[in-house]
Amino acid sequence: MSSVAELKKQLKDLNLEYAKIKDLPKEERAAFGQKINQQKQALEQQIIEAEAKAEEVAVEALDITAPCDVNGEMPKFLSADHGSRHPLMTELDRVIGIYQSMGFDIMESRQLDDEFHMFDSLNFAKGHPARDGYDTFRTEEGFIPPAHTSTMQHRVLKAYKHKLDEGSAIAVAVPGRVYRNEDVDATHEHTFYQCEGVYVSKDCTLGNMLAILREFFEKYYGQKLNIKTQPGYFPFTEPSLEFLIEKPKSLGGKGDGWLEMLGCGMIHPNVLKMAGIDPTEYQGFAWGGGIDRLVMLRYGLNDVRNFEAAKLDFLKEF
Ligand code: DAH
C-alpha cells in the first residue's frame, strides 16, 4: 500500500487535470470530468484508510509489564514516590462515615451551580447586600461555582420530601467543594470543602440540632467537648446561630479558646415553602461548616493553603 504522503501527491497531481477540461472539445468534457471525479474519490478513500492504518501503528499497545529498568537500574522517580490519598479526602470520608452512623443520607454537592440555588432558593432577597457577602465567582455564561454547600438545600428538600409523607424525617448531609473570590492567606482559601446538614420533621427543635452537632464533633475529635452558640445572621435560617467548640486541651487548648466551627439555625419558612414543604406542618434545622478548619484543628495545622498547594512534603506527612 502506498504511503499517505504518496497518495496525497497523487491527489495533488490529479487536481491539476481539472485545468485541462477547458481545452477539450465540448462533447468530451463531461466524460473526462467524471473520470477524474471517480479517480479523486477513490484516492481520497485510500488516503482515509492509509491514515487510519498509520494511527494504529502509532498507538500500538503499550506493554505495561515490560521491565522498566534503565541500564540495569530502576529509575529513582519510579521507585521513590508512589503517591497517597489527599488528607482532605481521608477526612471527608471520616466525616461522611460519622453522619451515616448517625442515620444521615449523603448527597454530594456540585462544582457549578446557578443563581437560583445559590441565592433565591435560600431566601436572599433580590439585590440584598447579603448576596455580596459570599464573594462568588461567576462563569462567562452566568453559572456560579458554589460558595457554600447550602446551594444543595433546595434539592435535598425536594428529593427527600417523600420521607415526610411517609411519616419519617429528612436527614441528609452534603459534602462538597466550594469556591470564594477571596484574598488567600493562612486561614482563607479560594477553594475549600464544606459539609452541610439538613434535618426536617414534624416537631424538631434547636435543642435537637445542638445534640446532633455535639455528637458529631465529639465523634470526630474522639472526646467530650464544651460547646456554645452565639447569634448569627443567614437569610435562610431564623433564628441563625454560630456554633463554637472550646479548643480541647489535647489539641493545644488552654481552656479558654473558643473556635467557630459552623453556621446553623432553624430553616426559614420561606425556604421550606419554596421546596413545597408546608412550614405550618413541618420544621427543620440546617448547618454548614468548613472541612479544612475541622481537619486543621485535628492535626494542629496552621496554614490552610497547604491543602491546595500540591506540596509533596506536606502531603506525605499524612
Ligand atoms: N452556608 C453558610 C456559610 O457558608 C453556613 C450555614 C449557615 C449553613 C446556616 C447552613 C445554615 O445550613 O443553616 O456561611
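One-based numbering along the sequence shown. Predicted, not measured: the structure shown is a model, and the values here were computed from it. Numbering of ligands and ligand atoms starts at 1, following listing order.
A cation-pi arrangement is absent between K247 and W258, since the terminal nitrogen or guanidinium carbon is not both under 6.0 Å from the aromatic centre and inside a 45° cone about the axis.
For N37 and Y18, the side-chain atoms include at least one donor-acceptor pair closer than 3.5 Å. Between the side chains of E49 and Q45, at least one donor-acceptor pair of N or O atoms lies under 3.5 Å. At a cut-off of 3.5 Å, with distance as the only test, no side-chain donor of T191 or E308 sits close to an acceptor on the other residue. Residues D93 and T90 bring no donor and acceptor atom of their side chains to less than 3.5 Å of each other.
Looking only at heavy atoms of the protein, atom 11 (C) of ligand 1 is closest to F236 CE1, 3.5 Å. Closest to atom 6 (C) of ligand 1, if we only count protein heavy atoms, is G263 O, 3.6 Å. The shortest contact between atom 12 (O) of ligand 1 and any protein heavy atom is with E196 OE2, 2.6 Å. Annotation: atom 14 (O) of ligand 1 to nearest protein heavy atom, Y134 OH, 3.6 Å. Scanning the protein for heavy atoms near atom 2 (C) of ligand 1, the closest one is H148 ND1, 3.8 Å.
In summary, the atoms of ligand 1 found under 4.0 Å from a heavy atom of Q194, numbered by their order in the structure, are 4 (O). Under a 4.0 Å criterion applied to the non-hydrogen atoms of S150, ligand 1 contributes the atoms 1 (N), 8 (C), 10 (C), 12 (O). Close contacts between ligand 1 and R180 involve ligand atoms 3 (C), 4 (O), 14 (O) [criterion: under 4.0 Å to a heavy atom]. Ligand 1 places these atoms under 4.0 Å from at least one heavy atom of T237: 13 (O).
At distances below 3.5 Å, not a single donor-acceptor pair connects side-chain atoms of R298 with backbone N or O atoms of Y221.
Contacts between M152 and ligand 1 below 4.0 angstrom, taking non-hydrogen atoms only, are absent altogether. Contacts between C264 and ligand 1 below 4.0 angstrom, taking non-hydrogen atoms only, involve the backbone exclusively.
Separation of atoms CG (N306) and CE (M296) is listed at 8.0 Å; rounding is to 0.5 Å. If you take CG on L7 and CD1 on I48, they are separated by 11.5 Å, rounding to the nearest 0.5 Å.
With distances taken over non-hydrogen atoms, the option nearest atom 8 (C) of ligand 1 out of S240, G288, G265 is G288.
Nearest approach of A173 to C195, heavy atoms of both residues: CB-SG, 4.3 Å.
Contact between F285 and ligand 1 is absent, with no heavy atom of the residue lying under 4.0 Å from the ligand.
Backbone and side-chain nitrogen or oxygen atoms of G197 are examined, and none is located within less than 3.5 angstrom of a nitrogen or oxygen of ligand 1.
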